[in-house]
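Reviewing the structure listed below.
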Amino acid sequence: MPVPLLDVNAQNLPLEQELQAAFQQVLRHGRFIMGPEMEAFEREVAAMVGVKHALAVSSGTDALLLALMALNIKPGDEVLCPAFTFFATAGAVSRLGAVPVFCDICPVCFNLDVEDARAKITQRTKAIIPVHLFGQCADMDGILKLAAEHGLKVIEDAAQSLGATYRGRQAGSMADFGTYSFFPSKNLGGFGDGGMLVTQDDELAEFARVLRVHGSKPKYHHHFVGGNFRMDTLQCALLQIKLRHYADYTRRRQRNAAHYTEALSALPGVLQADPAHCRCVESQQAWLAKTEARLVLPVAYAHQEHIWNQYTLRVIGEGRREALRAHLSAAGIGCEVYYPITLDQQGCFAALPPSSRAGCAISHQMAGEVLSIPIYGELTETQRLEVIASIAGFVGA
Ligand SMILES: *Cc1c(COP(=O)(O)O)cnc(C)c1O
């Protein structure tokens, strides 16, 4: 049986009747732009993540752009972000003429290395964008402390981590702004593009609301240049239905991850990443050498709730990642490299000052080792066992 990397129909089709009823409701009332379902969906997300304000927007990318605009990030300002993330994190910075300064990551959780960020702060640094990659939060205590010391604004890119927690706090709720995405591959996967911007700050929320509609306030009066960053009423109505099932979706992903970790860690040469080596590169390399690990499994930190947007292996050894990829593909098992090229190495950033692209060695190493395997909630036990058996075959068990 083939095991796709993601099967959106397995999650959406059981809801077909409810989704059609929602469509019919929007069709009939006809308020397609900023209609009642948008406001309801915003309230529901705000309540779920415990924030005062939530703004439904056109995408996770636009949520980042809008946050940066609302924080008044200007040409020439520097914004710290990880080198190992989806492009949008840095693309939004560049679109405002600001300079993304790429920071290295932790080889255990794949998230921003706070000490590297600290070393890259200059007079021009205005903000930092930690990304909660693959469903687990970055070191927010360290990031918020660093930001407070240097007067930096903080935007949490929680596109992959809606509902994840860090010491009991919700991903996206801890900083000036948090952003989410409803791209179909995210944990709350929509029917097209969509995103959300959240904040606890009344003034920032109000400014972002105005910028969402071309800076228009009152209508036809523009004191600021904004954009069209709205999310469709219809998309909100459909996602309201899925939001009711969100806790269940998360539990299923966590169950799948637990199954993988239990079964795969029993294989020869397969080890779970060790939180004790978080950000500690040398001891991490020594640990790898000592254990002769060939595959490293992801780990959820004890102080966090991981929502497993991806289950990402590290495949150790020259050419081994491509070999595992080919092995799984031959067995009809979907897998993907998130992300094969770090942002500091992207062509569009080649003209940035070298200092903004320096010192991302761990990011480069991870880009060469990572491989994500199917983790979506509706995977059956048979499918999981197939993935596990195929990996067992690869490591020679
Ligand atoms: C998906 C994603 C985005 C962008 O979200 P879109 O809704 O696709 O625009 C931004 N940052 C990260 C980390 C993402 O994974």
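Computed from a prediction, not measured in an experiment: that's the story for all the values here. Reckoned from all heavy atoms, side chains included, excluding hydrogens, waters and symmetry mates. In each ligand, atom 1 is the first atom listed, and ligand 1 is the first ligand listed.
By the 3.5 Å distance cut-off applied to N or O atoms, Gly60 is counted among the residues near ligand 1.
Proximity of Thr85 to ligand 1, defined as any heavy-atom pair under 4.0 Å, is confined to the side chain (atoms from C-beta onward). Under 4.0 angstrom from ligand 1, the non-hydrogen atoms of Ala159 all belong to its side chain.
In the displayed structure, Lys242 atom NZ is contacted under 6.0 Å by more than 12 heavy atoms of other residues, nucleotides or ligands.
Remark: ligand 1 atoms within the under-4.0 Å shell around heavy atoms of Ala88 are 4 (C), 10 (C). Contact atoms of ligand 1 toward Val131: 13 (C) (distance under 4.0 Å to a heavy atom of the residue). Heavy-atom proximity to Ser59, at under 4.0 Å, picks out these atoms of ligand 1: 7 (O), 9 (O).
You'll find the ring centres of Phe207 and Phe224 inside the 6.0 Å limit.
Nearest to atom 2 (C) of ligand 1 among the protein's heavy atoms is Lys186 NZ, 2.6 Å. Atom 4 (C) of ligand 1 has Thr61 OG1, 3.5 Å as its closest protein atom, hydrogens excluded (heavy atom only). Of all protein heavy atoms, the one lying nearest to atom 15 (O) of ligand 1 is Gln160 NE2, 2.7 Å. If you check which protein heavy atom lies closest to atom 5 (O) of ligand 1, you get Ser181 OG, 3.3 Å. Distance from atom 13 (C) of ligand 1 to its nearest protein heavy atom, with residue and atom name: Asp157 OD2, 3.5 Å.
Checking Lys217, Lys52, Arg212 one by one against Glu206, the salt bridge (Lys or Arg N to Asp or Glu O under 4.0 Å) holds for a single residue, Lys217. None of Tyr301, Tyr338, Phe134 except one satisfies the ring-ring contact (aromatic ring centres under 6.0 Å, His included) rule with Phe110; the exception is Phe134.
One distance of note links CZ of Arg95 with CG of Leu64; it measures 10.0 Å at 0.5 Å rounding.
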**Request:** Step by step, work out the salt bridge (charged side-chain N to carboxylate O under 4.0 Å, His left out) result for Lys126 and Asp77.
**Result:** CA-CA 6 Å; Lys126 293 288 158 54; Asp77 289 348; 3.1 Å; yes
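Under the 4.0 Å criterion applied to side-chain N and carboxylate O atoms, Asp141 and Lys145 are not assigned as salt-bridge partners.
Note: Tyr166 and His303 have perpendicular aromatic rings, judged against thresholds of 30 and 60 degrees for the angle between ring planes.
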